[in-house]
Amino acid sequence: MTEGRVVKPLAVFVVVLVAILGATFLLAVLAPGGSGPPDGQSIDGQSPPQYQPDAVDAPVDPEAGEIEIDTDTNDRRILVDTDHENQVAERDLEPVTEAVFEADHTLEYGVSDGDEFGDELDRYDGVLIIQPLQSYTTAERIALREYTDDGGRVVILAEPTQTRLSTGFGQSTATVSFGATDVLEQYDVRVGAERLYNMDDEATDNNFKSIYASPTEESDLSDGVETVNFDTAGYVATDGGVDTKFTAVEGTRTLETRRLGTYPTVVRNDNVVFVADTTFIRESDVYDADNEVFVGNLIEFLVTDEPSSPANGTATENGTATENGTAARVREGAALRR
Amino acid sequence: MVKREQLFSAMTASYVVALALALVVGAVFAPVVWSGVPSADDDEDSVAVITLRGGTTDANVNDVKQDLRDARTDDSIRAVVLRVDSPGGPVDSSEEFYLAVNRTAAELPVVAYVEGTAASGGYYGIAPADEIVVKPSSNVGSIGVIVQAPLSRIEQVERQGETFVRSGPDKAQIDKDSLRNDLEVLQRSFVGTVMQHRGEQLTLSREEVANGDTYLGSRAIANGFADRIGDSELAIERAAALSTDIDGDRYDVTYLGSDEPDLGLVAVSDDAETVQGENGVTYVVYPDDETQSFREPVEYYAVWGIPTNETDATVIRDD
């Protein structure tokens with residue numbers, strides 16, 4: 001009897017509880033949508049049109065071609081200035097050095113020890129100045145001016161003022177500026193205040209700051225060149241009296257002030273050619289676009305006798321200078337040196 | 001006689017107690033049983049609010065992807081509000097974010113609410129939304145990609161070449177040209193996505209979009225990066241209004257998110273976290289091991305600002 005008092009209510013408890021929970025479970029299971037559709041029914045793949053290869057693949061400029069230097073002359077000497085903290089290493093110019101060698105000319109780095117830059121210019125047929133950070137002395141400037149007035153040829157490559165990152169113990173930034181503005185100004189040019197950029201994918205080598213430039217007219221410098229690629233391009237500011245040979249392609253703007261314009265990147269003032277970029281001649285970029293052809297043309301400019309204007313002499317058929325005989329004098333000077 | 005009546009009363013009382021106890025226990029556990037059985041049907045239509053606060057990292061994006069999937073598979077959810085405060089993150093997970101929202105927007109109205117910032121990878125994800133609601137202080141834009149490449153790995157690459165014997169000229173080599181080419185591909189897919197989804201609203205050209213500028217709310221409205229000024233409630237109202245299944249204001253708001261306690265039964269170590277993946281798959285993600293032997297040489301980011309999670313000496317190169 002005592003057992004029944006406990007067992008029976010307990011049985012009622014269990015039966016009712018099971019009935020409630022069982023009914024709840026059945027209701028839940030039988031409720032519409034309770035089991036859900038198979039996963040596969042909700043799988044619906046996508047392949048957006050803007051992700052397709054045709055939409056995203058950027059053409060890569062082939063790095064091909066040869067630096068060809070085609071001159072009637074030989075044994076000419078080109079001085080690469082290294083006396084003014086020039087931002088160039090011999091290794092950067094190895095492809096150019098090789099091409100100059102194959103054309104039977106010589107590229108030399110810096111004047112001989114103990115010699116002054118200005119005093120030694122006459123021993124060279126051409127001078128290549130790449131991004132000097134140090135200024136030239138008054139004597140050097142005058143010497144360079146006399147050199148070019150006498151028919152010597154100079155190519156100057158420069159970059160606009162920019163901030164560079166230096167590494168080592170910790171990292172710091174430094175402002176790097178072209179240091180030979182006085183030299184440039186005597187040829188009526190300056191380095192433009194800003195770098196250039198272009199957001200048109202067709203106007204760059206896969207980076208907005210790696211812009212293209214094209215010739216403005218047919219000339220010895222543009223012979224065989226349709227497009228050159230400048231990786232740290234600036235522009236040339238001029239007060240007139242120079243020939244613009246290349247301009248940045250349409251749509252190019254200044255990096256800081258976003259001014260749209262037609263920016264000169266290569267100009268010539270008689271025996272001086274000024275290019276507002278230094279990367280195109282370096283090993284990493286020299287075969288981009290038509291850079292190698294342009295570099296070949298620049299070297300030909302440096303080692304060719306032909307005077308650039310009547311003021312400096314008249315070219316003869318065999319390419320030697322007459323009247324003031326400056327180019328011939330340069331050559332004699334170079335011969336003496338040898 | 002009296003004793004028998006007492007006994008009867010006691011028995012009755014015990015039955016009543018047992019019955020009462022059964023009802024109480026049943027009432028307690030019946031909801032548990034009910035909720036234990038999955039149900040995809042609910043009488044009241046609802047708008048789901050899904051939140052992404054933080055970078056578009058793998059973990060955050062995986063959470064949002066699962067929430068979006070839940071919203072898509074829940075028949076009661078008729079529209080989605082994506083509440084975002086994100087400066088972006090790695091390109092690969094930002095693309096995942098975009099694809100998940102794009103999938104959802106193809107099935108349900110999606111309204112994005114920019115709580116603080118939806119820049120770069122954050123904007124990548126909300127680009128497919130039907131509407132983008134911003135506050136005056138909301139920051140959107142920064143369309144573009146950067147690559148984080150330790151200087152040491154680029155400048156000393158030739159030293160690596162001498163240290164390791166490589167099977168081909170490009171193996172284990174990083175150079176500026178290849179980084180730029182890859183960056184251009186990622187940039188094109190990013191800008192192409194923005195133009196694909198926002199092209200009709202944008203008053204900016206593709207090139208201007210690709211400049212990578214950021215815009216506060218009012219400017220974003222003016223140039224088409226966003227559609228209207230408002231708060232999260234407005235975004236919910238707009239999402240409900242865009243749904244053809246919701247009748248007026250007869251809808252619930254469901255906040256989906258991974259903030260709820262995870263009652264999963266997967267036992268993991270303290271260092272690991274579980275991530276709900278597609279199809280109910282649970283992934284166990286172990287945090288990056290600082291001592292791991294291999295790392296990707298470079299990482300591409302769709303981010304506003306620069307990544308700060310790297311502790312080694314890295315910089316964003318300007319070229």
Side-chain angles (χ1 to χ4, degrees), chain A residues 1 4-6 8-25 27-29 31-37 39 42-44 46 48-51 55-58 60-61 63 162-165 167 170-171 199-201 205-210 231-232 251 258 284 288, chain B residues 7 10-11 14-15 17-19 21-23 25-27 29-31 33-41 69 72-73 75 95 98-99 102-103 106-107 151-152 155 175-177 180-181 183-189 191-193 195-196 206-208 210-211 278-280 313 315 317-319:
Chain A
M1 189 64 189
R5 288 183 195 170
V6 176
K8 285 181 180 175
L10 190 61
V12 168
F13 172 78
V14 171
V15 167
V16 171
L17 185 59
V18 167
I20 290 172
L21 296 182
T24 306
F25 180 77
L27 277 174
V29 168
S35 58
D39 284 342
S42 62
I43 299 296
D44 189 7
Q46 55 179 323
Q50 76 274 12
Y51 277 12
V56 301
D57 279 353
V60 177
D61 279 5
E63 296 194 14
Q162 54 201 289
T163 302
R164 286 272 172 84
L165 186 76
T167 56
Q171 293 168 350
M199 285 302 291
D200 181 357
D201 293 342
D205 182 20
N206 280 346
N207 187 267
F208 68 106
K209 286 191 273 192
S210 186
D231 205 64
T232 53
R258 311 287 171 89
S284 58
D288 287 350
Chain B
L7 183 61
M11 284 294 290
S14 63
Y15 282 123
V17 169
L19 191 61
L21 271 175
L23 287 172
V25 174
F29 285 100
V33 173
W34 180 269
S35 64
V37 177
S39 172
D41 193 24
R69 178 180 165 73
R72 291 198 301 270
T73 54
D75 290 341
E95 286 178 349
Y98 158 69
L99 289 167
N102 192 41
R103 167 82 279 140
E107 298 179 16
L151 278 178
S152 58
E155 296 182 345
D175 64 60
K176 195 169 66 177
D177 282 348
R180 284 179 168 184
N181 294 338
L183 207 63
E184 185 69 21
V185 169
L186 299 174
Q187 163 82 344
R188 285 186 177 205
S189 59
V191 176
T193 298
M195 298 309 292
Q196 172 86 6
R206 184 187 175 100
E207 287 179 19
E208 288 171 320
N211 278 344
E278 293 281 356
N279 303 328
V315 295
R317 288 174 68 93
D318 191 36
D319 55 9

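Chain letters run A, B, ... following the sequence lines, proteins first and then strands; every chain starts at 1.
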Checklist entry - Would you say the side chain of A:Thr24 lies within less than 4.5 Å of the side chain of B:Pro31, judging by non-hydrogen atoms? => result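 The answer is no; the side chains never approach within 4.5 Å.
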Next on the checklist: With a 4.5 Å cut-off on side-chain heavy atoms, are A:Phe13 and B:Leu19 touching?
Outcome noted: no
Item to check | Contact winner vs chain B - A:Asp200, A:Val56, A:Ile20, A:Thr232, heavy-atom pairs under 4.5 Å | outcome: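 Maximum pair count with chain B is reached by A:Val56.
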Checklist entry - Picking from A:Leu10, A:Val12, A:Leu17, which has the most non-hydrogen pairs under 4.5 angstrom with chain B? => result A:Leu17
Item to check | Validation row, ring centre B:Tyr98 to ring centre A:Tyr51 under 6.0 Å | outcome: yes
Next on the checklist: Apply salt bridge (Lys or Arg N to Asp or Glu O under 4.0 Å) to residues B:Arg188 and A:Asp57 and explain how you reach the verdict.
Outcome noted: CA-CA 8 Å; B:Arg188 285 186 177 205; A:Asp57 279 353; over 6 Å; no
Item to check | CG-CG distance between B:Asp177 and A:Asn206, expressed to the nearest 0.5 angstrom | outcome: 8.5 Å
Checklist entry - Going from CD on B:Glu208 to CE on A:Met199, what distance comes out if it is rounded to the nearest 0.5 angstrom? => result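 If we round to the nearest 0.5 Å, B:Glu208:CD and A:Met199:CE are 10.0 Å apart.
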Checklist entry - Given that the side chain runs from C-beta out, which part of A:Ala55 has a heavy atom under 4.5 Å from chain B: side chain, backbone, both or neither? => result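 Just the backbone, heavy atoms under 4.5 Å.
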Item to check | Heavy-atom contact with chain B under 4.5 Å, split by part of A:Gln162 | outcome: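 Contact with chain B involves no heavy atom of A:Gln162 at all.
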Next on the checklist: Tell me if a side-chain donor or acceptor on B:Glu184 pairs with a main-chain N or O of A:Asn207 at a distance below 3.5 Å.
Outcome noted: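 It does not hold such a pair.
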Next on the checklist: Counting only non-hydrogen atoms closer than 4.5 Å, does B:Gln196 touch chain A with its backbone (N, CA, C, O), its side chain (CB onward), both, or neither?
Outcome noted: side chain
Checklist entry - What part of B:Leu23 is in contact with chain A, defined as an atom under 4.5 angstrom from a non-hydrogen atom: side chain, backbone, both or neither? => result both
Item to check | Closest heavy-atom pair and its distance - B:Ser14, A:Pro9 | outcome: OG-CG, 3.3 Å
Checklist entry - What closest approach, in Å, do A:Ala58 and B:Val185 show between heavy atoms, and which atom pair accounts for it? => result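 Shortest heavy-atom separation between A:Ala58 and B:Val185 comes out as N-CG2, 4.2 Å.
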Checklist entry - Is a salt bridge present between B:Arg180 and A:Asp231, judged by a nitrogen-to-oxygen distance below 4.0 Å? => result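 Looking at A:Asp231 together with B:Arg180, the answer is yes, because their closest N to O distance falls below 4.0 Å.
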